Amino acid sequence: MTELPPAGAWAEDLLDGLNPPQRAAVEYRGPALLVVAGAGSGKTRVLTHRIAGLIRSREAWPSQILAITFTNKAAREMRERVEQLLGGVADGMWISTFHSACVRILRREAERFGFVSSFTIYDSADSRALLKRIIKDREADAYGLTPGGVAAVISKAKNELMDAESFARNANSADPRQALTAEIFSEYSRELNRAHAMDFDDLIAQTVHLFRAFPEVAAVYQRRFRHILVDEYQDTNHAQYALIRELTRPVEPEALARAGIEPRGGETDAQGRIPPASLTVVGDSDQSIYAFRGADIRNIVEFERDFPGASVVLLEQNYRSTQNILSAANAVIENNFDRPQKKLWTAVAGGELITGYTGYSQHDEAQFVADEIERLHGEGFDYRDIAVFYRTNAQTRALEEIFIRSAVPYRVLGGTKFYERAEVKDVLAYLIAVANPFDEYSLRRILNTPKRGIGPATEAQLAAYAAGEGISLREALRHAARLGLGPKLTAAIAGLSALLDEASELAFGKQLPSGGAVPPRPPVEVLQHLLEGSDYLAQLRASRDPQDEARAENVEELVSVARDFGRANPEGTLVDFLTEVSLVAAADELDDESGSVALMTLHTAKGLEFRAVFLTGLEEGLLPHQMSAGEPGGLAEERRLFYVGITRARERLYLTLAMTRAQYGDVDVALPSRFLQEIPAELIAWRQSPAEANGRGGTSSRALNASSRQLGRSPGFARSAVSGGPGGAGSVAFRPEAEPASGGMRDSLQRFREARAGGASWPNTVGSGIRDNGELELAAGDRVRHEDYGEGRVAAVTGVGSKRIAHVDFDGVGRKKLLVKIAPISRI
DNA sequence: TCGAAAGCCATTTTT
DNA sequence: TGGCTTTCGA
């Protein structure tokens, strides 16, 4: 800490420029504060100023602050902003995510529950791989149990602080699937314990269990953290809520005694207790989008009941978006009933209208986005100021294809994550095998990667030997010579074992007999030693498989990640590096310097803001997603997701959709999202409305010409829709029929159409029926009649199945290309 | 023991 | 559609 200004004088500049409720939140002193912060209402500002105020006024040392954020990036930013306000480095402040904070505590206390402090953190893919093996061993797949399904059940249980035992107690043993799930759960837990490993949910749950089992451990943290601040409180689950409750308990004298803590003067109250920490939570129930992950909206709704004496501050003034964007957001969210009344407003009126666009295909939509990004760029928007959001990761494909073609610089956040790639996992497995010798799975993974002739048979022999001797697999490797294997094999095993031992010496240092010590080397050196000793990278480079080149690049990328880590954390150990790598979130990858457009899911977008935002794929079945239809509250959560997306935009908002969407290689007709209708029509300027894209609404010819131009440049569409056809797809014209759809539509869409059958002039609507010509067989020479173009002769049919394109020479309007499945045509 | 081919399967959101 | 597993052949 650098010098502090005199106490009392702190307030002035920290309160400067804050509105009254923001001020109140910064100045509040008391047991508990709930800040209901609408989107863009300056809650980060409130949090950072509040922390800085506490420190500057000397009400708290930095080390007494615990601030929980949703992502590591948010944590980093918050730390920077606090330090900026304080004018110096604030050491000892804990600003981190729930998971990072818990790992820190758990590593410190690991031995109390029998783990090494370098325990492994399993990500969801690791959990699933382990579950898959257990399910296969037990032939539980015969009961329809899938790794993903069981993982979800276990995750849910852990978020409710249930362990395998209590899960088994609550399971209905008459139901074989539940009984089996309980068995799998307990074996899964056993295996994690054996490997000294925890999954994501364990990190939180075990910390809670630790605090409950060891009050003297809890006392240390309860005493230390005097001010606890939690951001995005609406997305906390039960385990996280329980953790906060544990941390905000008063410390009883007995616990102090057991912990051997001698309270300082003024630290305790009349009963000799240390009073509970002051708690500040910030959240917005309208932005709760993680119910599927166990987030419990009641945590925020019932805050005042949970923490008696709590104050509530409402932040409703938005400093981010234009009035038009806010009006749209308000109009949408108002459709969620059963929410506390709250309305965002801004002092800045007007702004540009929201732009709408309906593409003929997802590629047409993507092309519009790409063109519009270039236009914005020409207008002075930096690429980094622009973001494209979508509901599902699968939607990136079309966008990426077009962006590459159009030379739009972009980066995809999340999705197929870097750390989930096989080669990256391989290399990490080497590091984990070094850090945690009990982690058999990592060791098994690298046993024969790269190939050294240690196949499943040898692996089984090693495992059997380890089991027989009661030693770890890692130890068994050191005794390779005793297994009576061939000389080549024995040498390979001994070589790997020696390599790991050398790396371990590098990672942890070494005591010398002389009494001196060799200090540990940074993680990047450990990594490089392993890569050289294992020949892993060299073999990838030497491979003639072109994909291996990309894999080698990824491995090199990991090396540079390790190098960067070393620069940022000169004291960082191998375990620190592995922890950081395990806990990166999608939004953490966002690099503001990169100068490229950000592509991400709506979930990842939470907490971020951009000058211009594209919300894509606004179609029924995608947003709201069809999977959400069956879940209670699913529709409301989808609407909040839409709301979150809208409110990320500062100046420009684009709402786009496509009339057809290819899924699993099949083209489906899409309907505009019902949420689009919730935005007042006068706020949206449709560049091409759903009605126009449909051929309805009187401007169809113009719309179609536009589409022809766009589609002609759309290589993705050309590839997927008219395989091999030169020059792309050309215009794909279709329009809905007046008669009812001939089947194939999903139930939800059916209901949606019926629900809106009354409203006629809404620009977002599609006609009341979608044609499905699925079975219509056409051949060159056939005469057809089209509703708009009249009669014509089929020149050729290209494509297959639902993507068949009829090239028709119309008597009146010339050559047109039509998507047979949905074009309003009939053979005559 | 390995590589290629063929079938199979799944597709919501994530710390 | 493509990613993944299984299977088959060498």
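In this text the structure is predicted, and so the values were computed from the model without any measurement. Labels below follow one simple rule: chain letters A, B, ... track the order of the sequence lines, proteins then strands, and each chain is numbered from 1.
- Checked against side chain to side chain donor-acceptor pair (under 3.5 Å), A:Arg298 has the following partners two or more places apart in sequence or in another chain: A:Asp296.
- In A:Lys425, the NZ atom is crowded: over 12 heavy atoms of neighbouring residues, nucleotides or ligands sit closer than 6.0 Å.
- Rounded to an integer number of Å, the gap from A:Arg128 CZ to C:dT5 P is 12 Å.
- C:dG3 atom P lies 13 Å from atom CD of A:Glu423, rounded to whole Å.
- Rounded to a whole Å, the CG atom of A:Leu608 is 14 Å from the C1' atom of B:dT14.
- Between the CE atom of A:Met627 and the C1' atom of B:dA10 there is a distance of 9 Å, rounded to whole Å.
- Between the base of B:dT15 and the side chain of A:His99 there is a donor-acceptor pair shorter than 3.5 Å.
- Residues A:Phe614 and A:Phe389 place their aromatic rings such that the two centres sit no closer than 6.0 Å.
- A heavy atom lying under 4.0 Å from DNA chain B marks the following residues of residues 292-300 of chain A, by number: A:Phe292, A:Arg293.
- Atom-to-atom, NZ of A:Lys73 to P of B:dT15 comes out at 13 Å; the value is rounded to the nearest Å.
- Here the nucleotide nearest the side chain of A:Asn393, chosen from B:dT13, B:dT15, B:dT12, is B:dT13.
- The listed nucleotides are B:dT13, C:dG3, C:dT5; the one nearest the side chain of A:Lys132 is C:dT5.
- Straight-line distance from the CG atom of A:Leu635 to the P atom of B:dT13: 18 Å, rounded to whole Å.
- For A:Pro450 against A:Gln539, the heavy-atom pair with the smallest separation is CB-OE1, 3.5 Å.
- In this structure, the nucleotide among B:dT1, B:dT13, C:dT6 sitting nearest to the side chain of A:Thr601 is B:dT13.
- Proximity of the aromatic rings of A:Phe115 and A:His196 is defined here by a centroid distance below 6.0 angstrom, and this criterion is met.
- Nearest nucleotide to the A:Arg391 side chain, out of B:dT13, C:dT6, C:dG2: B:dT13.
- Taking OG1 from A:Thr71 and CD from A:Glu77, the interatomic distance works out to 7.5 Å, rounded to the nearest 0.5 Å.
- Rounded to whole angstrom, the span from the CG atom of A:Leu622 across to the P atom of B:dT13 amounts to 10 Å.
- At the phosphate of B:dT14, OP1 or OP2 sits under 4.0 Å from a side-chain N or O atom of A:Thr604.
- Ranking B:dT12, B:dG3, C:dT6 by closeness to the A:Lys451 side chain, first place goes to B:dG3.
- When the C1' atom is compared between B:dT13 and C:dC4, the two are found 23 Å apart, to the nearest whole Å.
- Residue A:His603 has its side chain nearest to B:dT13 when only B:dT13, C:dG2, B:dT1 are considered.
- Distances from the side chain of A:Thr392 to the nucleotides B:dT1, B:dT12, B:dT14 place B:dT12 closest.
- Rounded to whole Å, the distance from CD1 on A:Ile454 to C1' on B:dC2 is 16 Å.
- Along DNA chain B, the nucleotide nearest A:Leu641 and the nucleotide nearest A:Arg452 are compared for position; the residue whose nucleotide lies closer to the 5' end is A:Arg452.
- Note that the CG atom of A:Asp235 and the CZ atom of A:Arg293 stand 7.0 Å from one another [nearest 0.5 Å].
- Backbone-only contact: A:Tyr290 has heavy atoms under 4.0 Å from sugar-phosphate atoms and none from a base.
- Checking B:dT15, B:dT12, B:dC2 against every side-chain atom of A:Glu638, the shortest atom distance belongs to B:dT12.
- Using atom C1' as the reference point in both B:dT12 and C:dT5, the two lie 24 Å apart (nearest Å).
- At a threshold of 4.0 angstrom between heavy atoms, the contacts of A:Ser124 include nucleobase atoms, whether or not backbone atoms are also involved.
- Across all their heavy atoms, A:Ala101 and A:Ile68 have their closest contact at CB-CD1, 4.3 Å.
- Residue A:Lys136 places at least one side-chain N or O closer than 4.0 Å to OP1 or OP2 of C:dT6.
- Of all the heavy atoms in A:Gln234 and A:Asp284, the pair that sits closest is OE1-N, 3.1 Å.
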